[in-house]
Amino acid sequence: MRQTGVMAWVTGAESKADLLMEAARRAADFVSVERDRPVVPTAEALDRLGSITFNATLDRPLDAQNVIAMLDEIGSAATVSNTGGRYFGFVTGGVEPVGLAASVLAGAWDQNTALPVMSPIAAHLDALAAEWMVDLLGLPSRSIATFCAGASIANLTSIITARDTLLREAGWDTAADGLIGAPPLTVVASEEIHSSAIKALRLAGLGSGSVVPIPTDRYGRARADAVPTTTGPTLVLLQAGNVNTGYSDPFADIIDQLDATRTWVHVDGAFGLWANAAPERRDQLEGIARADSWATDGHKWLNTPYDCGVAIVADPDALSQSMRMDAAYAAGTGGRAPMNLSLQMSQGARAIPVWAILATLGRDGVAQAVERCCRHAERFADLLGDAGIDVLVPPVLNQVLVAFGDDDHTDAVIAKVQASGDAWMGGTTWHGRRAMRISVSDTSTTADDVDRAVAAIVAAA
Ligand SMILES: *Cc1c(COP(=O)(O)O)cnc(C)c1O
C-alpha cells in the first residue's frame, strides 16, 4: 500500500470525481452491513490501527486513492457502530439516511456559512431550518435559532447572551468593560444540571463555585418547592431531560416563582427538548416556552450527522448584541449572518442536513421517530423488569436506568454487555448507586434490536 516516489496529487476534475465515487462506494458498502456488525470493533481491528501510523507518515505520504482505501480497510472496522440500531451508550444519535446523503453532497459544495454572500444556498437553508426548529420545538415564534457544534456550545452561547443581557439591564456593558467590577450576578441551577452547563459557566467568567443549587427529587427533577429566593440579576439554569433519567424540570411551577424583570431562564434541552416535537410527550415540558433561551442537539435525537447543536434565544437582539462581529470586510453584505449569531466566524453548513431531514420527515415523521424511541425505552424497562432486573426509575422518555444488585456486579454486567458486541450501554452513578444507563437515541432502532439487547443483558446478569 505504501507509495514511493513523487506524491500523486489529485488535481483534475476527473480524478476528483473518481476519488469521490470510490469514497461513496466504500461508504455505501459500510452502511449496507452496519446493522449486522458487532457494535464494538474486534481486538484484531484495533490491532490493525497501528498500520495506519506505519503506512503513511508526514515524510512518506501516500497517494489519495491509497489514503481512502486505508481509511476504509482499516478505519471502518475500528468504528463503534452507533448507526446500527444497537448502540445505547451516552446519548449518541444514529444518522438519518437523507441527512447523511445531504451532507455528502454538501461536502462537495464545501460552503462557508459565515455570511450569506459566501453561500446563497447555505444561507437560505440556514434561515429556513432555524425557523423550522423554533416551530417544531414549540418555542415562541419571535425566537431566533442558530446552529453550532453541539449542546455544550449552545449552552455557552446562551449563557454568554444571558450574562450580557442581565448585566446590561443592571447598567453594565460587558462588551466594553468586561466582568471585572461588574455588578453581582447570581446563578441558580438544578443540582443535577448537565456538566456542560457548569463548564459554560466557567468559560463565561461566571464561575461554578457560587452556583446556588435547586435540590432535585427522586426522578432528578429540580424541586419547585425548593427554589431559592434571590435578589438582583439572576440566571436560572434548568433542564429538559435529565441525562440519567430523561425527566424534565417543572418549568411552569418554577418560572411562576421568578421575577421576570431580572431573571433569565436558560433550559438545557440537549435531547429532552425533542419531547415538545412529540404530542404524546409534550406535557412533560409544560411552561418551557416561557424560558429565555434553550440549547438542544441535532446530532442526538434528530439523528443529524455529527456535529450539530442549536442555540435558541427568545430575544433575537440579545443574541446578536453578544455574538456580533465587527469585521470591515463583512460590512454591508446583508442578510442573516451566522457569524453574527454564534461563537464561530467560518462555519460549516450544519443546517443543510437538518433541513434535509426535516424536509423528508416533516412534523409527523419527527414526532413518530421521537415516540418510537420512547416506546423502545418502555420496552427495555418492561422486559428487564419481567426478567427480575431492578429498573431504578420508570422511563418517561428515551433513558432507562437499571441496576444488578451491588455496584460491583452492576459494573461487571455493564462490562460484559459492552464486550458482547450485541449492544453497548454505559454506566453511571445515580443517587449514590451504580447503574446501567440505556439511551435510545438512534431512531433506526427496532423492537428486534431492543429484544437482542435485552437478551444480552439478561445473559450477562
Ligand atoms: C449531551 C448533552 C449535553 C452536551 O451536548 P454536546 O452535544 O455533547 O455538546 C448537554 N446537556 C445534556 C442534557 C446532554 O444530554
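Atoms within each ligand, like the ligands themselves, are counted from 1 in listed order. A quick note: this is a predicted structure, and the numbers were derived from the prediction, not measured. Along the sequence shown, residues are numbered consecutively beginning with 1.
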- request: Decide side-chain hydrogen bond (donor to acceptor under 3.5 Å, both in side chains) for Asn340 and Ser320; before the verdict, give the C-alpha distance in whole Å, the side-chain angles of both, and the deciding distance to 0.1 Å.
  value: CA-CA 6 Å; Asn340 292 325; Ser320 57; over 6 Å; no

Heavy-atom pairs closer than 4.0 Å: do any link ligand 1 to the side chain of [X], the backbone, both, or neither?
X	result
Gln239	neither
Phe90	neither
Ala151	both

query: For ligand 1, which atoms sit closer than 4.0 Å to a heavy atom of Val243?
result: 15 (O)

message: Working note: Glu192 + His431, criterion side-chain hydrogen bond (donor to acceptor under 3.5 Å, both in side chains); need CA distance, chi angles, decisive distance, verdict.
response: CA-CA 10 Å; Glu192 294 184 41; His431 291 189; 2.7 Å; yes

query: What's the verdict on side-chain contact (heavy atoms from CB on, under 4.5 Å) for Trp264 and Arg163, showing C-alpha distance, side-chain angles and the deciding distance?
result: CA-CA 9 Å; Trp264 180 294; Arg163 175 199 72 187; over 6 Å; no

message: Using a plain distance cutoff, I'd like to know if His299 has any nitrogen or oxygen under 3.5 Å from a nitrogen or oxygen of ligand 1.
response: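 Yes.
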
Polar contact flag, side-chain donor to acceptor under 3.5 angstrom, Asp448-Thr446: no

message: Closer than 4.0 angstrom, basic N to acidic O: yes or no for Asp72 and Arg26?
response: yes

query: Nearest heavy atom to atom 2 (C) of ligand 1: which of Lys199, Lys300, Gln399 does it belong to?
result: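 Minimum heavy-atom distance to atom 2 (C) of ligand 1 goes to Lys300.
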
task: Can you figure out which of Ala240, Ser152, Ser439 has its heavy atom closest to atom 9 (O) of ligand 1?
output: Ser152

message: Which residue and atom name correspond to the protein heavy atom nearest atom 11 (N) of ligand 1, and how close is it?
response: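 Heavy-atom neighbour on the protein nearest atom 11 (N) of ligand 1: Asp268 OD2, 2.6 Å.
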
query: Can you name the closest pair of heavy atoms from Ala318 and Thr165 and give their distance?
result: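 For Ala318 and Thr165, the tightest heavy-atom pair comes out as CB-OG1, 3.6 Å.
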
